[in-house]
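Single-structure report; data block below.
Chain identifiers are assigned alphabetically (A, B, ...) following the order of the sequence lines, protein sequences preceding nucleic acid strands; residue numbering begins at 1 within each chain.
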Number of protein chains: 2
Amino acid sequence: MSEGIGVLLADDEDLIRTGLRIIIESEPGLSVVGEAADGAAAVSLARSLRPDVVLMDVRMPAVDGIQATRALTVAEGAPKVLVVTTLENDDYVYEALRAGASGFLLKRARADELVQAIRVVAAGESLLFPAAIRSLVAARGAARAVPGIGRLTTREGDVLRLMARGLSNAEIAAELVVGTETVKTHVGNVLAKLGARDRTQAVVAAYESGFVSPR
Amino acid sequence: MSEGIGVLLADDEDLIRTGLRIIIESEPGLSVVGEAADGAAAVSLARSLRPDVVLMDVRMPAVDGIQATRALTVAEGAPKVLVVTTLENDDYVYEALRAGASGFLLKRARADELVQAIRVVAAGESLLFPAAIRSLVAARGAARAVPGIGRLTTREGDVLRLMARGLSNAEIAAELVVGTETVKTHVGNVLAKLGARDRTQAVVAAYESGFVSPR
DNA sequence: GGGCTTTTCCCCCACATGGGGGAGGCGCGT
DNA sequence: ACGCGCCTCCCCCATGTGGGGGAAAAGCCC
């Protein structure tokens, strides 16, 4: 890519891609190195073309932008991903960030905002547009209130926390300095209160409800 | 609390509380309805005093601000929590939002920024200061790159995703329209590649690495 | 064509897990 | 003093899970 910042466009709508390309190409130091109409193409093109920044639409056929972002950012020397969407009230913000996106941008952004956003993420900085912040923080409220998770006793909470770290009953017993039979009782109570069938479902509920957070 | 916006201060340092109180009390429409020196006191005071906004320090004795925030925001008609910290490079941002905080603020913020932040969150809006955005987005990079999670085949990825939703092998088999023996093979491969001992650890790794996100 | 990976399916077997009971002690509020 | 919830520990038992093998078909790269 020699000089400047190489950008890969990933959007299923031709009109959008054309508009973006015109804006980017008319900007000194920026150039479009490739275009993809779906997530799968975006991933393979990004690997061969090695752009600096990928403008990734959230909603695309076959593989959506979130999955594509996840696939891209796990690799070494991965490009920065700037997620673009039309939706203002967008639940994907949170998921996109978890998937490894460097920023979030609305399609209604002005040309100069777009250019600035590309330069910012290419420089390694992070970026969120105000509307994205609102939905991001709002996403926290979307943590499903798992019924019964508030009815856990302190000991049951301890056990669930350790379960959610992947410990076996024996390991939890050692950690809490009690017998394995005791742990089994607590685990059984936790499962009953959370309506979980097995410990895996309990751990899922713990994450979904925000009882534990990805560290 | 009759009129205006009632604020509860939760910070273990007297100097900080005093400074905050002076700023808030001198502002028309804002008043300090109570003060707490630790998380436990903050939770109980918030329940009795029912402030509109809680200024919550992250680091406090006994119960830290994150836990206190979690305890507060699960209730109905909970106050808005504005998390305050001295640390600019703060990993707690992400966790605080998951815990239900409405915003994040640095202690070095100017008085007028503080007042504005309180009014914003009291009005039901969300707020993140620029420095907090950076560490928030950076937190996504902190998703531990689980070694081997990128080596999963597409089918193994499918299986892991369903595991992370709490499905049993039989249910996964039904979902993917294959035999349970097939699912067992995939599960075994996933465990081996992720270095997990059982499915629970695999699910934990899936969440920790951002392979799946709390929906 | 000959490897290679991937996906599919099968056998046997050890074991942790989870469900069903029961039981004693302890703190706490009435 | 009594009840109640919580924590602790124990028994039996069905079974889902995971580890050890093996194997066939399909697609892919060289």
Side-chain angles (χ1 to χ4, degrees), chain A residues 40-41 43-45 47-48 62-63 67 71 74-75 146-206 211, chain B residues 40 44 47 71 146 148-206 211:
Chain A
V43 172
S44 59
L45 278 181
R47 283 180 181 149
S48 56
V63 177
Q67 292 177 33
V74 292
V146 174
I149 204 164
R151 308 167 68 94
L152 294 180
T153 68
T154 58
R155 210 51 167 170
E156 289 161 355
D158 294 339
V159 171
L160 178 55
R161 245 179 297 278
L162 293 175
M163 278 196 278
R165 287 177 51 190
L167 301 196
S168 68
N169 289 342
E171 288 167 341
I172 294 174
E175 186 76 22
L176 298 181
V177 198
V178 296
T180 58
E181 296 300 327
T182 302
V183 174
K184 283 187 59 177
T185 303
H186 289 316
V187 170
N189 290 337
V190 169
L191 297 185
K193 288 185 180 178
L194 298 189
R197 180 185 49 202
D198 50 45
R199 64 173 47 220
T200 305
Q201 288 190 348
V203 170
V204 171
F211 183 81
Chain B
S44 60
R47 283 180 182 149
V146 174
I149 205 164
R151 308 167 68 95
L152 294 180
T153 66
T154 57
R155 209 53 168 168
E156 288 161 357
D158 294 338
V159 171
L160 178 55
R161 245 179 297 278
L162 294 175
M163 278 196 280
R165 286 177 50 192
L167 302 196
S168 68
N169 288 341
E171 288 167 341
I172 294 174
E175 185 76 24
L176 298 181
V177 199
V178 295
T180 58
E181 296 299 327
T182 303
V183 174
K184 282 186 60 177
T185 303
H186 290 316
V187 170
N189 291 337
V190 169
L191 297 185
K193 287 184 180 177
L194 298 188
R197 179 184 51 200
D198 50 45
R199 64 174 46 223
T200 305
Q201 288 190 347
V203 170
V204 171
F211 183 81

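Annotation: salt bridge (Lys or Arg N to Asp or Glu O under 4.0 Å) contacts of B/E175 (sequence neighbours excluded): none. Every salt bridge (Lys or Arg N to Asp or Glu O under 4.0 Å) that A/K193 has, sequence neighbours left out, goes to A/E156.
Protein atom CG of A/N169 is 15 Å distant from nucleotide atom C1' of D/dT8, rounded to whole Å. One interatomic measurement links the two molecules: CD of B/E181 to C1' of D/dG18, which rounds to 12 Å at whole-angstrom precision. Atom pair B/E171:CD and D/dG16:P shows a separation of 11 Å (rounding to whole Å applied).
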Just the atom pairs and distances: protein N or O near nucleotides 24-29 of chain D's N or O, under 3.5 Å.
none

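Nearest heavy-atom pair across B/L194 and B/A205 is CD1-CB, 4.3 Å. Nearest approach of A/V190 to A/M163, heavy atoms of both residues: CG1-CE, 3.7 Å. Residue A/G166 comes nearest to B/V204 through the heavy atom pair N-CG2, 3.9 Å, listed as atom of the first residue, atom of the second, then distance. The two residues B/A202 and B/A196 come nearest to each other via the heavy atoms N-CB, 3.6 Å.
Here chain A contacts DNA chain C (any atom closer than 4.0 Å to a heavy atom, that is under 4.0 Å), and the contacts span C/dT17 to C/dG19 from 5' to 3'.
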Can A/D198 and B/R199 be said to form a side chain to side chain contact (heavy atoms under 4.5 Å, CB included), step by step?
CA-CA 11 Å; A/D198 50 45; B/R199 64 174 46 223; 5.8 Å; no
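Of the residues in residues 182-201 of chain A, those with a non-hydrogen atom less than 4.0 angstrom from any atom of DNA chain C are A/K184, A/V187, A/L191, A/R197, A/D198, A/R199.
A/R155 contributes atom CZ, which lies 13.5 Å from atom CG of A/L160 (distance to the nearest 0.5 angstrom). Distance check: B/I172 CD1 to B/H186 NE2 gives 10.5 Å after rounding to the nearest 0.5 Å.
Comparing the local axis fitted to the first five base pairs of the helix from C/dG1-D/dC30 to C/dG24-D/dC7 with the one fitted to its last five gives a bend of 50°, rounded to 10°.
The only option from B/T182, B/L162, B/V183, B/V159 that meets the side chain to side chain contact (heavy atoms under 4.5 Å, CB included) definition with B/N169 turns out to be B/V183.
Look at A/T154 and you'll find a side-chain N or O under 4.0 angstrom from OP1 or OP2 of D/dC7.
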